[in-house]
Structure formats: C-alpha cells, structure tokens
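Remarks on the structure that follows.
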Amino acid sequence: MGSMIGAAVVRKEDPALLTGRGTFVEDIRLPGTAYLATVRSPVAHARITSIDTGAAAVAPGVLGVWTHDDLPGLPPTRSVPGMERPCLADGTVRFVGEGVAVVVATDRYLAADAAELVEVEYEDLPVLASVAAATAADAVPILPGLDSNVVLEQVLSATDAEEELAAAPHRLAIRLRNQRCAAVPMEPTVCLADWQHSGLTLYATTQTPHHMRNEIAQWFGLSQEQVRVIAPDVGGGFGAKASCYPEFLLTAELSRRLHRPVRFVETRSENMTSMVHGRAQSHEVEVGFDDDGRLLALRVRITQDCGAWPDATGIGLPTLTSFMSGGCYRIPVIAASFRSVVTNTTPVGSYRGAGRPEASFMIERVVDQIAAELGRDPVDVRRVNLIRADEMPYATQFEGIVYDEANYPGCLDLLLSHVDYPALRTRQAERRADPAAPLVGIGFSTFVEMGGFGPTPLFEQFGYVGGWESANVRLTTDGSAVIKVGTSPHGQGHQTTFAQIVADQLGIDIDRISLLHGDTATVQEGIGTMGSRGAPVGGSAVFKAAGKVRAKALRIAAHMLEADESDVELTDGVFRVAGTTGPTVTIAEVALRSLKPHLLPDGVDPGLEETAHHEPSNLSYPSGAHCCVVEIDRETGRVEIARYVAVDDCGTVINPLLATGQIHGGLAQGIAQALYEEVSYDVDGQPRTGNLVTYTVPAAEDLPPYETHHLVTPTSFNPLGAKGLGESGATAAPQAVVNAVVDALSHLGVRDVEMPCTPAKVWALLNTANGS
Ligand code: MCN
C-alpha cells in the first residue's frame, strides 16, 4: 500500500447517499412525533396589534398554538449582546418571514393548514429595506433600545492612508457592490426535538453540533451532558447552517411542554427568507498607485447590510473582509474600516467564504481597474504586486494575519502555461472586428483566502469555545479503526479524507476505518465544520491521534517481536524488525494483544485508543490563480463561460478527487454570484426572490466544464501541510468572471458591471455604449 495521502480514493459516503440510504433529520422516526409550523410575517416592518389563534387552536389535529407572549422565559437566539433576536416576534415584526406564532399538530399538513388560520393584524411601520433607507437622516431605529441602525462601526487601521494616497502618482476611487446571496442548500432547515426526563435530544441540520449543544444547554439551564445534539447526514450548509435558528429552540421548548417529540421541516420558500443570507456588502475604495500599477496605498470603507437582526455568524464578517483586503499583493499601507447596518430584511450570516470572497472580489476588481486606467495588461499589473514566495510567511499589517508558505507568482505562471494567453487576445481582437461574432473577454483572479480556522484567540471572537479540533482513534480487536472527530461534515467527504489519514498512519485498509461525527453523546468535545478547517485542523487532530496510536502499537509490537522499539518498523499494516525478513506481527494482532493486559510490556495501559486536539498556531491561507474566458452574445447580452481554468494551492492535497469536487462546487457558486444570483427586495421589503423560480440558481448546463490544476506549497503550520480548500472556488470565481465580462466590453469604455452580470445589464451596456 502506497501513501494514502494524495490518493484519489472515491468517497466512502456516496453509495449510501446515491441510493437514498442516507440518514437525514427527516428520516429519523420517533413514535408520537408532532409537527411544528411557523406563522410568518408577510410584511417587513410593523407593530403586531393582535393575534387571534382561536380558529387554529381548534383545527383538526392541533395540539397547541403559541405566540411570543405564550412562551415567557424562552431565550432569544444568540447575537451581539443587547441585540438578541427573540424566537418569535416580540410585538414588532422586522422582516418578511419572521416568525409570529407556531402551531403544533399531529401531522405536518394539519399544522400547515392550521397555521393559515392564525389571524394577525399589523400596523405598518416605515420599511427600511436597504442600507440607504436605514441610514437616512430620518430613519427610525429598527431594533429596540438603539438610536440608529448602525449597530457596529469599527476602524481596523491606525491610519486613514490619506497621506500616501495623496502622494501617489495615480489615485482612483471605486465603488463596488457584493450583492446579497442565498445559500440554497439542497436540504433546508430541519430539526426534531425529543425532551425526555433525562434531558433533550435535538436532531438538527447544523454544522456545529457541540457549539449548538453548549448554547442550548445554557439557554435552558441544563448541563451540557443533559443535551445531546445530533447532526446526521446534512444536505449542504455552505456556512448558513452554522447559525442557530429559532425553530431549534421552539421545537425543544414545545417538546418539553407537550411531552412528545416535535419536528420542524422548513419549506423551500420559507428557507429563502428564514435561512441567513450571505455577502450583502458594499465597498468604497480609494487606491494609490504608480505608473507601473504598483499599489502604494489602499483605503476601503465597508458597509454591511446585516439584515433585521445581527446574526452571530454575520456580525464579524466585515472584520475578515478588512483583514484580507490586501489580497495577495504587497501594499505598503491599508486603511480599513466598516459599519454594519440593520435593515428590514432577512439576517445576514456566513456563506461560503464568509467575508473573504468580498475582499478578494474588491481587490481583484481594483487591480483590473488600475490596469484599465494605465492601459496595461492586467496580468502585468498583478505581477508587479504579487508577494513573492521568498517573502513568506508574510505578516500583513493586521495583527495576527500572517500568510503562510505560498507561491502566488508560481500559481500565475502555472495558470498561464495552461492558457495560451496571446492566442486568446488575438481571438478577442478578431471577434471585436466581426460584428456578427460574440465578444470575447478574458478575466484573471489571483487570490488568497483564509482557511483552517482557529487559532483559538482569533476564533473565539465568533463565540466558539476554541479554534482547535479534536479526534479520537480507536483500534478494535479485529484490526479495524474507528475515528471520532469534532468536525461535522455536510458534503465535504470527511469519512473518506480522515480514513485516508488513519490508513496512512496505521496501514489499515480504508474499508476497515469508520468515522463517527456529529453526535455530542458519542464524540468528545468538538468545534465543527466551517472556515475550511476540516482538513487542516480536523485532519491534523486525526493525524495526531493516529500517530499516538501508532506509537503505542509500535511499543506493543516490539514487545511481541522481542525487539527494541527503535528497530521496529510498520509497513502496510505489518510490524517487523527493519531490514529483516524475520517474524512479523500485524496491526490486528497488536490490537488484540493491546486488550490482554497480562501480556503487555510493563507500564503500558490496555487498549489502543488515543485522543488528540490540534490547536493551529496560524490560519492557513489557500491561494491560486484562475482564468475565465467569456463569450457575450451581442444581440441578447447573454454571457457564456467558454473556458474556466483554475490553479489552486491548498498545500498538501489529501484527496485530489475530493479536492477537485470542492473546487467545482465553489466555482459553481462563485460563477452563480457573478452571473445569476441575487436576493433582492422591493422598497416595501418584499422579497422579489422568494423561491427558486425567481432566485436563479444555475443548472448544470449553465456551467462550463472546469480545468483544475494544483500547485502544492505545504504549510508549515500543521503536521499535514494541508491548507483548507472548501471555500476557494467561491472566493476566486466571481472576480474572474466579472473581470472577463468587463474585459469583453472594455473597448466600449465599460469599466465595471455590477454583479450579477445579467443579460439585461450587459445588453443595456452594449446598447448605451453603442457596441452592438
Ligand atoms: N481537501 C483535500 N486536501 C486539502 C484540503 C481539502 O483533499 N488540502 C478535501 C478533503 O476531501 C476535505 C474537503 O476537501 O474533506 C474539504 O476540506 P476543507 O477545505 O478543510 O473544508 P471543510 O471540511 O472545513 O469544509 C468546509 C467548507 C466550507 S467552509 C463550506 S461553506 C463548504 C465547503 O466546505 N460547504 C459545503 N464545501 C462544501 N461542500 C458541500 N458538498 N456542501 C457544502 O455545504
């Protein structure tokens, strides 16, 4: 058996998932389960003048109807202190979709029918559905007890960079918008609460079961041991399942009151207004540069629309955007600041990349605009600014933000070796000269992002216990291995990835290695899956635990072989004295021996089971260079991606097959943001994109085949050398696409196209610029 790290092993989890034999929350059946349906506000901002639950309460199958006032003592969901969101509206509704009442019935459909019978009367309040409206001079404060809708304002740099900007030979002011997106996981929010005398079991679609357990225990005044949170198979989360949703608490509380399990299954339309949205930032940028396009100073003022209630996962995101605002470039001075504004819209939280794609989009659009201003090639402008490999680790001006080993110019070189750039420029010129042909545009994105969240001091700002991850590896007497890990995958393939790490350490066949995760009763402490931390942090914990098992197994094997420990080696699951053909013992024999205390060396405890925590000493910073080639139909303005080439550096690639899948998924979301998706509201705060007819998620045929390549620069900050990867595609793609679209239209004087670059927008530009 060769090394399993780097092997293209097919996903162990797929046979079950592809044959409908996965176990999702909705598949879990408990006798006597009742169903909860939420009555949601149809208006964006109003005082509730009355709620009549009478008709609903006597509807068939109904077990009860509750409003905020009927549930005194039910805690709010966690957020910024003083701005906690109640589980049900507390007399005022603040966005369309906010829960006003809940109905529990014996059947899901009876609950839904009864919910429609709840009569709510509203007295309209002024609707502030945009940052502009919420920050207008006469805007009423949306949240109680505040005198403004700006809920957080922070300056992250000691300088405003004005001196350097003023001294720069060139200066540009640029406004950019990163539109609001929806996560749209295949499985919406689902939970099932079962409150027994011994405590609460909550099955939930969450990325962070231990964190959820800790919070719920605290809210209900229970010990952590009395709360068991289980995240079984989870159908995608993309960051949005790191939030705690009101229904998690409501089902728990109502299970307690009704003495029976209570389930909630969100509909797709509910999901579009109830699940946190992502991005929703705008940037005012000023940049100073010289004649070569060398960046001299950058000032970015970020405005975040955080929706009606600041979500715990959303409020810190502009900080991350600020940290990453310099991208992979050497910029002497950066001035970053932000403000977060509440509006009468769905709360904004983490969404694939969470704060870093916004930074990457900003700086990559800025670099392209500098190139356009100077009439230089965007690749050349990137080259003069990229931080070199010999400058790593590179300390940015933000304390604690230190880029690890990487080769940004190397990624660009590798990309260009796969793209015949001069030929593309020739094709572009030919197409421009032929009015019947589609326009061609070429866009680049050289990017760096943050993965591998911790370390603890950084990560605990987001409310988590720590930034470490834990793993336990146990050998059973048949020589199989069981891993328990604190990450909670929801599509990333940890079953396979972590089994590879253990297989590599212990020489056990991958089919004999299983993974337990997502259950706080069986898994030791854990943090969860977000911030692309599975491979670098969770994987490193698995690596360490397996290493401890290996060391102990080696000691037992040496005893069995009557050899000195330092002479014994483990190859393909077999221990022998190195360099000899003499006696051997297998890992299974050692595992069996480990539970026969009388046959163990002195001082060795029985069993082969070890736990390890990995606390990263730094984040990991995945990077890469992507190129997108678009063709634009001059008649319709439709943008088609003709080619997409991605070079990524995630350090050691644990599984190239899964890594490629992660890139593909991220690219799909990044391209979707660039071309198709946007959550929007009208002035009354009514969602215009409340379902999948109006919110245009691309289909497979809308997406191109991807060409992916890896440059491997292992990080020295964890034992695997692996950086995170799960968010890279979504971080890199939007600007590669937009840069290509703008490039295609650049001969018409177009400098920017706002995302999403819809046919209507592009068509209008083609026509006003008289380019058809
Ligand atoms: N991998 C690898 N080598 C590396 C890094 C990663 O082979 N050096 C592979 C491994 O198979 C690993 C997977 O990529 O299991 C993802 O690893 P990592 O980048 O560490 O990310 P996480 O496991 O922490 O996953 C979280 C990340 C995030 S933050 C979002 S959002 C996201 C994503 O992963 N949401 C996803 N990928 C998703 N994929 C699916 N199918 N569904 C989601 O909701």
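One is the number of the first residue; the rest follow in order along the sequence. We count ligands from 1, going down the list as the structure has it; atoms in each ligand are counted the same way. This structure is a prediction, so every number in the text was calculated from the model and none was measured.
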### Task
Compute the minimum heavy-atom distance from Gly451 to ligand 1 and say whether it is under 4.0 Å.
no
### Query
Do Trp468 and His613 make the cut of ring centroids closer than 6.0 angstrom?
yes
### Query
Do any heavy atoms of Gly651 fall under 4.0 Å from ligand 1?
no
### Summary
Short version for Thr529: what comes under 4.0 Å of ligand 1, heavy atoms counted, is side chain
#### Entry: Test of proximity, Gly236 against ligand 1: N or O pairs below 3.5 Å
no
### Task
Could you label the plane-to-plane angle of the His626 and Tyr644 rings as parallel, tilted or perpendicular, counting under 30° as parallel and over 60° as perpendicular?
perpendicular
### Query
Just checking, is any N or O donor in the side chain of Arg352 or Gln669 under 3.5 Å from an acceptor N or O on the other one?
yes
### Task
Could you tell me whether the side chains of Asp233 and Thr23 share a donor-acceptor contact shorter than 3.5 Å?
no
### Message
Would Met530 count as being in polar contact with ligand 1, using the rule that some N or O on each side must be under 3.5 angstrom apart?
### Response
no
#### Entry: ligand 1 contact by Gly239, heavy-atom criterion under 4.0 angstrom
yes
## Note on the structure
protein heavy-atom neighbour closest to atom 24 (O) of ligand 1 works out as Gly534 N, 2.6 Å
### Summary
the protein heavy atom lying closest to atom 3 (N) of ligand 1 turns out to be Ile654 N, 3.1 Å
### Summary
among protein heavy atoms, the one nearest atom 28 (C) of ligand 1 is Glu727 CG, 3.8 Å
### Query
Does the pair Glu187/Lys241 count as a salt bridge with the N-to-O cut at 4.0 Å?
yes
### Task
Quick one: closest heavy-atom pair of Phe398 and Phe323, and the distance?
CD1-O, 3.6 Å
## Note on the structure
Out of Ala730, Ser532, Ala242, Gly237, the nearest non-hydrogen contact to atom 44 (O) of ligand 1 is supplied by Gly237
### Query
Considering only heavy atoms of Arg533, which atoms of ligand 1 have at least one such atom less than 4.0 Å away?
20 (O), 24 (O)
### Residue, atom name and distance, where the atom is the protein heavy atom closest to atom 36 (C) of ligand 1
Gln492 NE2, 3.5 Å
### Message
Is it the case that the side chains of Glu449 and Ser623 hold a donor-acceptor pair, with the cut-off being a distance below 3.5 Å and no angle test?
### Response
no
### Protein contact to atom 14 (O) of ligand 1 [nearest heavy atom, distance to 0.1 Å]
Gln662 CG, 3.5 Å
### Summary
With Thr487 as partner, the option from Gln207, His494, Glu469, Gln492 fulfilling side chain to side chain donor-acceptor pair (under 3.5 Å) is His494
#### Entry: Arg213/Glu525 salt bridge by N-O under 4.0 Å criterion
yes
### Query
Who's the nearest protein heavy-atom neighbour of atom 43 (C) of ligand 1, and how far?
Phe238 CE2, 3.2 Å
### Query
Which one holds for Leu725 and ligand 1: side chain close, backbone close, both close, or neither close, with close meaning a heavy atom under 4.0 Å?
both
### Query
If we ignore angles and hydrogens, is there a donor and acceptor under 3.5 Å between the side chains of Ser532 and Glu727?
yes
### Message
Could you identify the single nearest non-hydrogen protein atom to atom 10 (C) of ligand 1 and state the distance to 0.1 Å?
### Response
Thr497 OG1, 3.4 Å
### Message
Measuring centre to centre across the rings, with the benzene-like ring taken for any Trp, is His277 within less than 6.0 Å of Tyr351?
### Response
no
### Task
Between Lys723 and ligand 1, find which residue part has any heavy-atom pair under 4.0 Å and reply side chain, backbone, both or neither.
backbone
